Structures are given as structure tokens and as C-alpha cells.
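Just so it is clear, the model here is predicted, and its values are computed rather than measured.
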Amino acid sequence: DYRLKPSVADAHFYVRVQDSRFWSDQLDRGDFPESCAHFDQFDLREAYFEAKHLGGTPLGFKVGRQNIFYADKRMLGPGDWGNVGGYWWDAAKLYLDAKPVQVDLFYAKRIISEQTRPNMEHYPYEVAAVYAQIKRLPFKLDAFYILYSDDSGEAKGETRQGDETRHTLGFHVDGATGGWDYRGTVAGQFGERA
């Protein structure tokens with residue numbers, strides 16, 4: 001993590017590498033498909049540049065390979081299960097971080113984790129989203145819209161293959177009252193598949 005001098009900008013470069021291998025006398029690398037949750041030789045996990053509060057404004061951006069996660073990580077999360085981890089993205093994010101609200105707008109393509117080659121390929125879908133965190137409430141309230149688009153023609157429907165477009169709208173709430181904690185995520189989806 002390399003941070004620029006504060007007098008230059010509230011910005012930094014971040015690079016993280018990862019080597020995920022397993023040792024087992026009963027498993028072999030060939031027992032798994034090319035995209036494997038258990039084995040991924042030395043690879044670039046994250047590499048991004050982020051700048052906050054550009055010119056003293058509430059605007060900022062983050063661009064490069066990154067994990068994307070919000071709130072309870074149910075709708076957007078890193079998927080950190082298995083030995084390798086689940087979801088890493090090549091993405092561009094713009095955000096507004098003001099006192100009453102923080103709004104993130106991003107476009108991303110998910111990385112395919114390949115066992116022995118550099119992870120440079122993407123899944124055939126794209127994700128774009130708006131995620132708003134409302135501040136100054138007695139509880140945490142987030143609202144979001146996520147667009148999933150796959151125009152590869154490979155999405156499997158009930159009777160044929162085709163494209164897929166999925167819209168997700170929802171909110172997340174997190175707070176405490178009278179000695180009780182509460183937390184929940186509610187979301188609805190609509191769209192077309194094949």
C-alpha cells in the first residue's frame with residue numbers, strides 16, 4: 001500500500017498477491033476444473049488506485065482489480081470461501097462521500113481464477129450498480145440497485161440458451177433499540193433469462 005503525500009492528494013496505490021495451493025495425498029490439481037476454489041498459483045489478487053475527496057470535494061474514484069463488498073456482504077461480497085476466495089473484479093468505481101449520504105456507482109467484470117495461468121480472463125457477464133449509504137439516522141440504512149447483464153448467449157433457461165438481464169433492488173438496515181440489535185437485507189429481482 002503506497003500513499004501519496006497528503007499535500008498531493010488523499011490517494012493511494014494498493015497491490016496484493018496471493019498464492020493458494022493445497023497439499024493432500026487424496027486430491028490432485030487435475031481433479032478440479034480450470035477455475036478452482038482450492039488451487040491458484042501465485043497471482044495478482046488486488047491492484048488498484050484510489051483517490052478520495054478530489055480537490056477538497058466529496059468526490060472520489062477507485063479503479064483496478066479489487067474486492068467489492070457492502071453491508072452484510074449478502075448482495076455484494078468477496079465470497080471468501082474455499083482456499084482461493086470467490087469474487088474479485090476488474091472494476092471502476094466513482095463515489096460521492098458527503099455528510100448526509102455516500103453514493104457509490106460502479107461497473108465491474110468478474111475475474112476467472114485459473115489454476116496455473118495469470119488470472120486475466122473474465123466471466124461473460126458485467127455488473128453495474130448504485131449503492132447508497134444514508135447517514136445521520138439513528139440506524140444504518142443502505143439502498144441499492146444492481147444490474148447484471150450477460151449477452152454471451154450462454155445463459156441457460158428452462159427450454160433454451162440465450163442472454164440474461166437481471167435487476168436487483170433492495171435495502172439493508174442495521175441498528176439497535178431497547179437493548180435489542182436488528183439487522184436485515186431485503187431485495188427483489190426481476191428480468192429475463194434466455
Side-chain angles (χ1 to χ4, degrees), residues 1 9-12 14 16 45-82 85-113 122-152 155 157 162-194:
D1 191 5
D10 184 6
H12 69 276
Y14 181 81
R16 179 169 67 131
R45 178 68 186 214
E46 291 183 273
Y48 62 79
F49 176 72
E50 182 175 30
K52 300 178 181 180
H53 305 289
L54 296 170
T57 71
L59 301 175
F61 70 90
K62 182 177 181 181
V63 63
R65 184 160 297 184
Q66 57 194 275
N67 287 330
I68 298 174
F69 55 92
Y70 293 95
D72 60 3
K73 302 177 186 175
R74 291 184 184 274
M75 296 306 302
L76 292 163
D80 281 336
W81 56 81
Y87 297 92
W88 4 339
W89 307 84
D90 282 338
K93 182 188 296 186
L94 300 173
Y95 52 81
L96 168 76
D97 185 10
K99 289 182 180 178
V101 67
Q102 177 171 333
V103 179
D104 292 5
L105 174 67
F106 69 83
Y107 167 82
K109 292 192 66 115
R110 185 176 164 204
I111 301 294
I112 297 175
S113 174
H122 299 95
Y123 284 91
Y125 58 82
E126 304 165 323
V127 173
V130 178
Y131 197 98
Q133 300 173 49
I134 293 83
K135 303 176 183 178
R136 295 186 171 178
L137 294 174
F139 54 89
K140 181 178 178 180
L141 177 63
D142 299 350
F144 54 86
Y145 166 74
I146 305 166
L147 170 64
Y148 171 102
S149 177
D150 180 349
D151 60 3
S152 69
D163 297 339
E164 180 175 3
T165 302
R166 191 182 329 148
H167 306 271
T168 305
L169 290 164
F171 66 90
H172 172 79
V173 64
D174 189 345
T177 183
W180 291 91
D181 295 338
Y182 57 91
R183 177 180 302 140
T185 298
V186 176
Q189 278 187 348
F190 60 95
E192 296 179 345
R193 184 172 185 172

task = Mark yes when over 12 heavy atoms from residues, nucleotides or ligands other than Tyr148 sit less than 6.0 Å from its OH; otherwise mark no.
result =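 More than 12 heavy atoms, drawn from other residues, nucleotides or ligands, come within 6.0 Å of this atom.
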Flag the pair [X] / [Y] as yes when at least one side-chain heavy-atom distance between them is below 4.5 Å, and no otherwise.
{"X": "Tyr14", "Y": "Glu50", "value": "no"}
{"X": "Lys93", "Y": "Gln66", "value": "yes"}
{"X": "Tyr131", "Y": "Tyr145", "value": "no"}
{"X": "His53", "Y": "Leu59", "value": "no"}
{"X": "His122", "Y": "Ile111", "value": "yes"}
{"X": "Asp104", "Y": "Tyr70", "value": "yes"}
{"X": "Arg16", "Y": "Asn67", "value": "yes"}
{"X": "Val127", "Y": "Phe106", "value": "yes"}

ask   = Are the side chain of His167 and the backbone N or O of Ile146 linked by a donor-acceptor pair below 3.5 Å?
value =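 Here the side-chain-to-backbone pair does not exist.
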Might you point out which heavy atoms bring [X] and [Y] nearest each other, and give the distance in Å?
{"X": "Ala108", "Y": "Trp89", "answer": "CB-CE3, 3.6 Å"}
{"X": "His172", "Y": "Gly184", "answer": "ND1-O, 3.2 Å"}
{"X": "Ser152", "Y": "Pro124", "answer": "CB-CB, 3.7 Å"}

So, taking the atom named [atom1] in [X] and the one named [atom2] in [Y], what distance separates them when rounded to the nearest 0.5 Å?
{"X": "Leu105", "Y": "Leu94", "atom1": "CG", "atom2": "CG", "value": "5.5 Å"}
{"X": "Ile134", "Y": "Leu141", "atom1": "CD1", "atom2": "CG", "value": "4.5 Å"}
{"X": "Ser149", "Y": "Tyr107", "atom1": "OG", "atom2": "OH", "value": "8.5 Å"}
{"X": "Leu169", "Y": "Phe190", "atom1": "CG", "atom2": "CZ", "value": "5.5 Å"}
{"X": "Glu126", "Y": "Thr165", "atom1": "CD", "atom2": "OG1", "value": "10.5 Å"}
{"X": "Arg110", "Y": "Ile68", "atom1": "CZ", "atom2": "CD1", "value": "11.5 Å"}

ask   = Just one of Arg65, Lys62, Lys109 clears the salt bridge (charged side-chain N to carboxylate O under 4.0 Å, His left out) bar with Asp90, so which one?
value =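 That would be Arg65; it is the only one of Arg65, Lys62, Lys109 passing the salt bridge (charged side-chain N to carboxylate O under 4.0 Å, His left out) with Asp90.
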Any Lys/Arg nitrogen of [X] or [Y] sitting under 4.0 Å from an Asp/Glu carboxylate oxygen of the other?
{"X": "Asp174", "Y": "Arg183", "value": "yes"}
{"X": "Lys135", "Y": "Asp97", "value": "yes"}
{"X": "Arg193", "Y": "Glu164", "value": "yes"}

task = Find out whether the Lys NZ or Arg CZ of Arg45 is both under 6.0 angstrom from the six-membered ring centre of Trp88 and within 45° of the ring's axis.
result =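 Judged by the rule, Arg45 and Trp88 form a cation-pi pair.
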Phe61: which of Tyr48, Tyr95, Phe49 passes ring-ring contact (aromatic ring centres under 6.0 Å, His included) =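 Result for ring-ring contact (aromatic ring centres under 6.0 Å, His included) with Phe61: Phe49.
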query = Does one side chain, of Gln189 or Thr168, offer a donor that lies under 3.5 Å from an acceptor on the other?
reply =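 Side-chain D/A pair, Gln189 to Thr168: present.
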message = Distance alone, cut at 3.5 Å: any donor-acceptor contact between the side chains of Asp151 and Tyr125?
response =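 Note: Asp151 and Tyr125 side chains miss the donor-acceptor criterion.
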